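Have a look at the structure below before the remarks.
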Amino acid sequence: MNVLILGPGGREHALAWKIAASPLTDRLYCAPGNAGIAQEADCVALDVADHAAVIAFCKANKIDLVVVGPEVPLVAGIADDLEAAGIKTFGPSKWAARLEGSKGFTKDLCKANKIPTAAYERFKGAAAAKDYVRRKGAPIVVKADGLAAGKGVVVAETVEEAEAAVDMMFGGGLGTPAWEIVIEECLVGEEASFFALCDGETAIALASAQDHKRVFDGDKGPNTGGMGAYSPAPVMTEAMNARVMDEIVQPTVRALKAMGAPYKGVLFAGLMITKDGPQLIEYNVRFGDPECQVLMLRLKSDLLPALIAACDGQLKHFDLRWSNEAALTVVMAAKGYPGNYDKGSIIGGLDEAAHVDGVEIFHAGTKVDGGRIAANGGRVLNICALGQTVREAQARAYAAVDLVKWPEGFCRRDIGWRAIAREKT
Ligand code: AMP
């Protein structure tokens, strides 16, 4: 099969690494890719927002399957346009991608189908929103509808903070003024990510993970796209996985099918595990980044037939094998990230680092510069490792990090701390 992956980052490198290892893969392309992906696939300079150009490339290169990495092209309807052109595509339709594209849509779907989620209201104007905040009191959570690259959520500790968030979102503080916001109850518990593969009718569990969103050690500093992750999440026991499938994922897949928008692709549930059980915080309509990297390290089965089965509605009899080992990834970012940072610094030591036992390195934002690897983004490298325990995976990942010669980069030194604390007890 000829496969095209869409996306530029570490998630797409991990997918490319896994798909390249499939005996079913003939040619593998990635648009736009990066310097690491180029070791697995032919990187092509396609504008992913130009659906006609992507379709023309697929036809010219006899692409049998397109795998869409990020959410933006999915919400823009790339899966619909490719499918309409007769090209098999892994990823949900524009309609189904509203699970990530619209928080209001997802909350209403949860309410209508009794899927556990924080109590909420939707608002189109600031006055009513602030009135609700004052009635409910703090802590309370304010969310802008629509994609906001992780910046559209304020967990407010005080009523004043929540009111300021309402004004900020309706006032255009996120770029454009929010047309709608959701205000919801603040959930208390431990967060985890859960991934399922869906074919429109059947969903099968993939695995769980936990990530670290804050930029500095001790979960301090501003939010980022993710500074590290590990899988499985210790809080996600077999029983908890089963509850999430029964109470959250399956009812969602049934509801979307009943609405005439069957969900095909990977469903990423952001969860709060509360004392009363799992609650849905949000859905994403693609693999997490960097969660995908640790999932791919633990997946023993061939990924490609699973993606095809999801496209073809054939997941019912499908089973995937997972390593019992833990996987952990440390993100190396350019100094200054998530604020301003420089591009172009040279990175050395990657070959030595990749030789550490159990280690795999995925590139998140790199390019080739005169035969050397140069930083080309905020998040630049994912140093990943497998281990018998999270502690062992962490030790291996940091042993590799210490061999990377990149003075212009930094990373957190405590990825996995929560899981390791549990292992100790
Ligand atoms: P979201 O973009 O919806 O995943 O929200 C980003 C982050 O905000 C989540 O990962 C949580 O840490 C936090 N968050 C969102 N909603 C809630 C909630 N209802 N209660 C507590 N924390 C929340």
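Note that the coordinates shown come from a computational prediction; the quantities given were computed from them, not determined experimentally. Position 1 is the first residue of the sequence, and the numbers go up from there.
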> Side chain of Arg418, backbone of Pro234: donor and acceptor closer than 3.5 Å?
Replying inline: no

> Between NZ of Lys300 and CH2 of Trp322, what distance do you get to the nearest 0.5 Å?
Replying inline: 12.0 Å

> Taking it one step at a time, do Arg396 and Asp357 satisfy salt bridge (charged side-chain N to carboxylate O under 4.0 Å, His left out)?
Replying inline: CA-CA 7 Å; Arg396 288 170 161 181; Asp357 220 16; 3.5 Å; yes

>> Return the CD1 to SG distance between Ile115 and Cys110, rounded to the nearest 0.5 Å.
In response: 4.5 Å

>> Working to the nearest 0.5 angstrom, can you tell me the gap between Leu74 CG and Arg98 CZ?
In response: 14.5 Å

> So, for Ile361 and Ala353, which heavy atoms are closest and what is the spacing to 0.1 Å?
Replying inline: CD1-CB, 3.7 Å

>> Taking CZ in Arg372 as the centre, count heavy atoms belonging to other residues, nucleotides or ligands within less than 6.0 Å. Is the count above 12?
In response: no

> Does the side chain of Ile19 come within less than 4.5 Å of Leu65's, by heavy atoms?
Replying inline: no

>> Could you check whether any side-chain N or O of Asp64 sits under 3.5 Å from a backbone N or O of Met1, counting only pairs where one atom can act as donor and the other as acceptor?
In response: no

> What is the minimum heavy-atom distance between Leu381 and Val404, and which atoms define it?
Replying inline: CD1-CG1, 4.2 Å

> Between Asp80 and Lys94, is there a donor-acceptor pair closer than 3.5 Å when you use the side chain of the first and the backbone of the second?
Replying inline: yes

> Distance from Tyr337 atom OH to Arg379 atom CZ, nearest 0.5 Å?
Replying inline: 4.5 Å

> Does NZ in Lys213 sit with more than 12 non-hydrogen atoms of other residues, nucleotides or ligands closer than 6.0 Å?
Replying inline: yes

>> Quick check for you: to the nearest 0.5 Å, what is the distance between Asn2 atom CG and Lys62 atom NZ?
In response: 9.0 Å

> What are the two closest non-hydrogen atoms of Gly228 and Val331, and how far apart are they?
Replying inline: N-CG2, 3.8 Å

> Does the side chain to side chain contact (heavy atoms under 4.5 Å, CB included) test come out yes or no for Asn223 and Arg214, once each step is laid out?
Replying inline: CA-CA 4 Å; Asn223 262 325; Arg214 303 296 195 95; 3.5 Å; yes

>> Can you tell me how far apart CG (Asp211) and OG1 (Thr224) are? Round to the nearest 0.5 Å.
In response: 8.0 Å

> What are the two closest non-hydrogen atoms of Thr89 and Cys311, and how far apart are they?
Replying inline: O-SG, 3.4 Å

> Hey, mind stepping through Tyr132 and Tyr120 against side chain to side chain contact (heavy atoms under 4.5 Å, CB included) and telling me if it holds?
Replying inline: CA-CA 10 Å; Tyr132 182 78; Tyr120 73 102; 5.6 Å; no

>> Counting only heavy atoms not in Asp26 (residues, nucleotides, ligands), do more than 12 fall under 6.0 Å from its CG?
In response: yes

> Which of these passes salt bridge (Lys or Arg N to Asp or Glu O under 4.0 Å) with Arg286: Glu71, Glu291, Glu12?
Replying inline: Glu71

> Looking at Cys186 and Val155, what are the two nearest heavy atoms and their distance?
Replying inline: SG-CG1, 4.0 Å

> Any sub-3.5 Å donor-acceptor pair from Gln279's side-chain atoms to Thr274's backbone N or O?
Replying inline: no

> Are any side-chain N or O atoms of Arg298 and backbone N or O atoms of Ser323, one a donor and one an acceptor, separated by less than 3.5 Å?
Replying inline: yes

> So, Asp219 and Trp417: side-chain donor and acceptor under 3.5 Å apart, yes or no?
Replying inline: yes

> Which atom names give the shortest non-hydrogen contact between Ala397 and Ile383, and what distance separates them?
Replying inline: O-CG2, 3.5 Å

>> What verdict does the salt bridge (charged side-chain N to carboxylate O under 4.0 Å, His left out) test give for Asp199 and Lys316, after you've listed the backbone C-alpha separation in whole Å, the side-chain angles of each residue and the deciding distance to 0.1 Å?
In response: CA-CA 9 Å; Asp199 69 2; Lys316 198 177 260 167; over 6 Å; no

> Within 45 degrees of the axis of the six-membered ring of Phe287 and under 6.0 Å from its centre: does Arg11 put its NZ or CZ there?
Replying inline: no

> Would one find more than 12 heavy atoms of other residues, nucleotides or ligands at under 6.0 Å from atom CZ of Arg122?
Replying inline: yes

> Distance only, no hydrogens: is a donor on one side chain within 3.5 Å (strictly under) of an acceptor on the other, for Tyr263 and Thr252?
Replying inline: no

>> Determine whether Thr106 and Thr117 satisfy the following criterion, side chain to side chain contact (heavy atoms under 4.5 Å, CB included), listing intermediate values before the conclusion.
In response: CA-CA 10 Å; Thr106 300; Thr117 190; over 6 Å; no

> Can you tell me if Asn34 uses its side chain to pair, donor with acceptor, with the backbone of Gly36 under 3.5 Å?
Replying inline: yes

> Going by distance alone, is a donor N or O of one side chain under 3.5 Å from an acceptor N or O of the other, for Gln210 and Glu190?
Replying inline: yes

>> Students often mix this up, so state it plainly: with edges at 30° and 60°, are the rings of His13 and Phe362 parallel, tilted or perpendicular?
In response: perpendicular

> Relative to the ring of His212, is the ring of Tyr230 parallel (under 30°), tilted (30 to 60°) or perpendicular (over 60°)?
Replying inline: tilted

> Is there a donor-acceptor pair under 3.5 Å between the side chain of Glu100 and the backbone N or O of Val285?
Replying inline: yes

